[in-house]
*Asks:* 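Okay, handing you the structure first.
Below, read A as the first sequence line, B as the second, and so on, with proteins coming before strands; counting in each chain starts at 1. Basis for what follows: all heavy atoms, side chains included, without hydrogens, waters or symmetry-related copies.
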Protein chains: 2
Amino acid sequence: MVTLAEVAQHAGVSASTVSYVLSGKRSISANTRQRVERSIRELGYHPNAGARALASSKSNIIALMVPLRTDMYVPVMMEIAIAVATSARAHGYDVLLLTGEEGPDAVRRVAGSGLADGMILMDVELDDERLPLLRETDQPSVLIGLPADTSGLTCVDLDFRATGALCVEHLAKQGHQDIAVIGEAPAVYERHTGFAERTLDGLRSRSRELGVRLLHRPCEGGYDAMAVTLARILDERPDTSGLIVQNESAVEPLLALLRQQGRAVPEDVSVVAICPDQVAMQASVRLTSVAIPAQEMGRHAVDHLVAKLEGRGSDQVVLIAPELTARGSTGPAPSRS
Amino acid sequence: MVTLAEVAQHAGVSASTVSYVLSGKRSISANTRQRVERSIRELGYHPNAGARALASSKSNIIALMVPLRTDMYVPVMMEIAIAVATSARAHGYDVLLLTGEEGPDAVRRVAGSGLADGMILMDVELDDERLPLLRETDQPSVLIGLPADTSGLTCVDLDFRATGALCVEHLAKQGHQDIAVIGEAPAVYERHTGFAERTLDGLRSRSRELGVRLLHRPCEGGYDAMAVTLARILDERPDTSGLIVQNESAVEPLLALLRQQGRAVPEDVSVVAICPDQVAMQASVRLTSVAIPAQEMGRHAVDHLVAKLEGRGSDQVVLIAPELTARGSTGPAPSRS
DNA sequence: AAATCGCATCGAAGCGCTTCGACAACCTAT
DNA sequence: ATAGGTTGTCGAAGCGCTTCGATGCGATTT
């Protein structure tokens with residue numbers, strides 16, 4: 001393994017000079033710089049990460065904590081994770097993958113050992129047990145998701161409240177008066193996951209404002225659960241003409257059921273989904289949808305974390321504005337018979 | 001930040017003693033050990049990762065290289081990644097997440113900088129460009145997936161050849177004579193991804209042995225592509241009574257189409273899927289399937305890598321035996337009219 | 001011509017840990 | 001009682017890098 005000292009010797013300069021060439025923290029004559037760079041190339045030198053971390057007390061690593069349970073929103077998580085890894089590299093950072101398994105201990109371990117310079121937490125719950133630790137260790141961090149108390153924290157998330165409002169608006173504008181929301185699994189609401197509640201909030205308040213009737217029903221994924229849920233909705237509100245789905249694994253079952261019951265989309269029923277674009281486009285009907293901007297969230301999280309690490313940037317809540325893409329699944333409400 | 005020296009002072013011993021308590025590499029009297037452990041707890045000491053890495057030239061980090069493109073098999077990748085992270089922790093290792101983006105350079109960088117002690121590569125192609133580097137840097141590594149030349153490499157994968165054979169057997173045993181395979185997107189075959197070809201190989205040779213007719217058609221995911229593919233299959237082989245699907249995003253569209261065309265599963269058509277159990281169980285019909293044992297693959301990969309890192313373990317190819325779980329989607333072939 | 005400045009470079013002191021050799025203190029066996 | 005072995009602990013030497021202060025040296029100012 002090639003060391004700094006060997007590069008220095010090869011280039012006929014001192015070790016510190018090589019270091020300064022690498023970091024650019026002091027000016028180096030063009031001549032010397034080139035000689036050093038040439039030696040680095042010829043010897044195939046790579047700075048030793050451990051030594052660097054020790055001497056500079058910076059690891060150039062960002063920890064990413066993903067939820068352990070893989071039952072929810074998996075492709076989105078993956079997309080965020082990859083976006084984080086990619087943007088981190090662009091800033092010269094590597095990403096350490098932590099699972100939720102260790103829980104709060106992971107925060108302590110990473111902060112205490114200097115393994116990472118900062119961390120990004122995904123799937124933050126309203127009252128997350130990792131937050132107190134985060135605050136007291138003053139470990140630079142960014143949350144993806146919104147806890148109840150955001151004071152002293154930097155958070156990135158889709159503006160789910162606006163997302164809910166946007167969905168209702170879109171349907172109301174087309175004359176739909178009875179709208180049903182097919183939501184996440186009941187467990188998601190019981191866990192008080194922020195995004196689900198905020199979406200609901202946006203849905204409700206906007207429909208109140210627009211004078212539209214709104215029915216919300218949680219739904220487990222899968223065909224059977226969807227069948228039950230849909231039946232109940234149509235039983236309770238037979239005039240329902242607009243459906244809003246916020247549950248990836250309910251989308252395809254829903255479409256299959258509607259097809260089976262002879263309800264045409266969008267002629268009889270309009271459907272708006274809150275899901276990744278890929279799901280909306282690959283469904284059996286091109287779905288009008290509000291995308292979950294996974295990439296953007298990952299990128300924002302990294303940008304803000306890096307800003308903090310460099311001393312710029314401050315605590316703030318970044319809500320990404322939702323965008324609704326109209327595809328084939330929504331149209332004017334059918335005239336009441 | 002608490003250091004070893006501070007712990008030593010607090011416990012009234014030398015730094016090296018504390019180090020030996022931590023590593024267990026020399027015997028320490030019970031008395032001393034307890035005093036040191038108490039000091040560690042009281043001061044909240046965490047060893048500094050960088051210093052440790054520098055002194056021991058081991059980082060206790062495993063690099064995991066996931067494919068950049070997220071278009072394929074995403075939940076499986078995620079599950080593997082999480083299994084890797086979890087089992088790595090159980091062995092005292094952390095996981096560094098690398099995306100395929102950097103390509104072979106990532107191998108060089110990680111190996112050269114001592115950032116990680118070893119690496120796990122996912123989504124290995126038959127003739128992967130990272131392999132030559134891996135061989136020449138003698139970086140301990142484990143591949144998930146099988147390249148064309150496995151010499152000098154340790155690989156973990158599902159035995160896709162046996163998987164293909166198993167699917168055919170299951171259908172043939174129930175009297176199906178005409179079987180169609182709905183495969184991955186054409187691009188997957190063009191890229192010569194090993195698993196797709198090996199599955200096909202197993203499917204073909206076993207159906208030859210059993211005297212069963214087999215038709216293979218690649219298929220993009222989604223409803224429309226599936227519709228076209230299915231139509232072609234039934235046009236070419238109207239007697240097809242068994243379908244084998246190896247494409248997650250074709251599963252639900254296929255079921256929807258069959259339902260729509262009035263073909264009952266399994267009375268008219270039997271369907272076997274090669275997919276994660278979750279997909280098979282959440283589909284609109286409980287699917288007979290061969291699972292992709294993501295967790296097991298991740299765990300195996302880590303176990304073998306750790307064995308290598310500890311000097312045990314050698315180069316070998318580990319093929320995980322497939323298991324077919326019969327659910328509701330397969331039954332006896334309908335009698336020919 | 002002397003004093004001042006900025007630039008390019010060097011040497012040395014650590015960063016916090018592991019690990020090796022040394023050395024007391026204590027046990028056995030002779 | 002003495003040589004030899006254990007066992008438990010310590011001191012010191014690095015691991016490869018960053019960074020601070022010092023230094024030499026031309027260029028600029030007075």
*Asks:* Distance check needed: D/dG16 P versus A/Leu43 CG, whole Å only.
*Replies:*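 The answer, rounded to whole Å, is 15 Å.
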
*Asks:* Can you tell if the side chain of A/Thr86 reaches within under 4.5 Å of the side chain of A/Val302, non-hydrogen atoms only?
*Replies:* no

*Asks:* For the pair made of CD in B/Gln9 and P in C/dC17, what is the distance, rounded to whole Å?
*Replies:*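 The distance from CD of B/Gln9 to P of C/dC17 comes to 14 Å, rounded to the nearest Å.
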
*Asks:* B/Ser14: what forms a side chain to side chain donor-acceptor pair (under 3.5 Å) with it, not counting sequence neighbours?
*Replies:*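 Scan of B/Ser14 (side chain to side chain donor-acceptor pair (under 3.5 Å), adjacent residues dropped) gives B/Ser16, B/Thr17.
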
*Asks:* Among D/dG8, D/dG14, D/dC17, which nucleotide has an atom closest to any side-chain atom of A/Ala51?
*Replies:* D/dC17

*Asks:* How far does the helix from C/dA1-D/dT30 to C/dC26-D/dG5 bend, going by the axes of its first and last five pairs, to the nearest 10°?
*Replies:* 50°

*Asks:* Go through C/dG16, D/dG8, C/dT19 for me and flag the one nearest to the B/Ser27 side chain.
*Replies:* D/dG8

*Asks:* So A/Ser29, base contact, sugar-phosphate only, or nothing? Heavy-atom distance under 4.0 Å.
*Replies:* sugar-phosphate

*Asks:* A/Arg33 has an atom CZ; how far is it from atom P of C/dA8, in whole Å?
*Replies:* 9 Å

*Asks:* Kindly say if B/Thr17 contacts the phosphate of D/dC10, meaning a side-chain N or O under 4.0 Å from OP1 or OP2.
*Replies:* yes

*Asks:* Checking all strands, does B/Ser57 fall into the base, sugar-phosphate, or nothing category for heavy-atom contacts under 4.0 angstrom?
*Replies:* nothing

*Asks:* Rounded off to whole Å, could you give me the NE2-to-C1' distance for the B/His46 and C/dC17 pair?
*Replies:* 16 Å

*Asks:* If the threshold is 4.0 Å, N to carboxylate O, is there a salt bridge linking B/Glu102 and B/Arg109?
*Replies:*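 The answer is yes: the pair qualifies as a salt bridge.
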
*Asks:* Judged by atom type as modelled, is there a donor-acceptor pair below 3.5 Å linking the side chain of A/Lys58 to the main-chain atoms of A/Asp117?
*Replies:* no

*Asks:* Below 4.0 angstrom from OP1 or OP2 of C/dT18, is there any side-chain N or O of B/Lys25?
*Replies:*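 For C/dT18, neither OP1 nor OP2 has a side-chain N or O of B/Lys25 closer than 4.0 Å.
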
*Asks:* May I have the distance from A/Leu4 (atom CG) to D/dG16 (atom P), rounded to whole angstrom?
*Replies:* 10 Å

*Asks:* CG of B/Leu22 versus P of C/dT18: gap in Å, rounded?
*Replies:* 6 Å

*Asks:* Do A/Thr3 and D/dG16 have a side chain to base donor-acceptor pair shorter than 3.5 Å?
*Replies:* no

*Asks:* Determine whether any donor atom in the side chain of B/Arg52 lies under 3.5 Å from an acceptor atom in the base of C/dT18, or the reverse, and answer yes or no.
*Replies:* no

*Asks:* Please check if atom CZ in A/Arg135 has more than 12 non-hydrogen atoms from other residues, nucleotides or ligands closer than 6.0 Å.
*Replies:*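 Counting other residues, nucleotides and ligands, CZ of A/Arg135 exceeds 12 neighbours.
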
*Asks:* Salt bridge check: are B/Arg198 and B/Asp159 linked by an N-O gap of less than 4.0 Å?
*Replies:*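 Salt bridge flag = no for B/Asp159 with B/Arg198.
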
*Asks:* Which heavy-atom pair separates A/Ala116 from A/Ser59 by the least distance, and what is that distance?
*Replies:* CA-OG, 3.4 Å

*Asks:* Using heavy atoms to find the nearest nucleotide of DNA chain D for A/Leu54 and B/Val13 separately, return the residue whose nucleotide is more 5′.
*Replies:*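 The 5'-side residue here is B/Val13.
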
*Asks:* So does B/Tyr20 reach the base of C/dC20 with its side chain, donor to acceptor, closer than 3.5 Å?
*Replies:*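 Present.
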
*Asks:* Tell me: CG of A/Asn31 to P of C/dC7, nearest whole Å?
*Replies:* 18 Å

*Asks:* Should the heavy atoms of other residues, nucleotides or ligands under 6.0 Å from CD of A/Gln9 be counted, would the total exceed 12?
*Replies:*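 Not buried by this count: 12 neighbours or fewer within 6.0 Å.
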
*Asks:* Determine the contact category for B/Ser19: base if any of its heavy atoms lies under 4.0 Å from a base atom, sugar-phosphate if only primed atoms, P, OP1 or OP2 are that close, otherwise nothing.
*Replies:* base

*Asks:* Between B/Arg26 and B/Ser56, name the one whose nearest nucleotide on DNA chain C is closer to the 5' end.
*Replies:* B/Ser56

*Asks:* Just to be sure I understand the rule, does A/Ile28 reach a base, reach only the sugar-phosphate, or reach nothing, if contact means heavy atoms closer than 4.0 Å?
*Replies:*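 Here A/Ile28 touches the backbone only, sparing every base.
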
*Asks:* Atom OH of A/Tyr45 to atom C1' of D/dG16: distance rounded to whole Å?
*Replies:* 7 Å

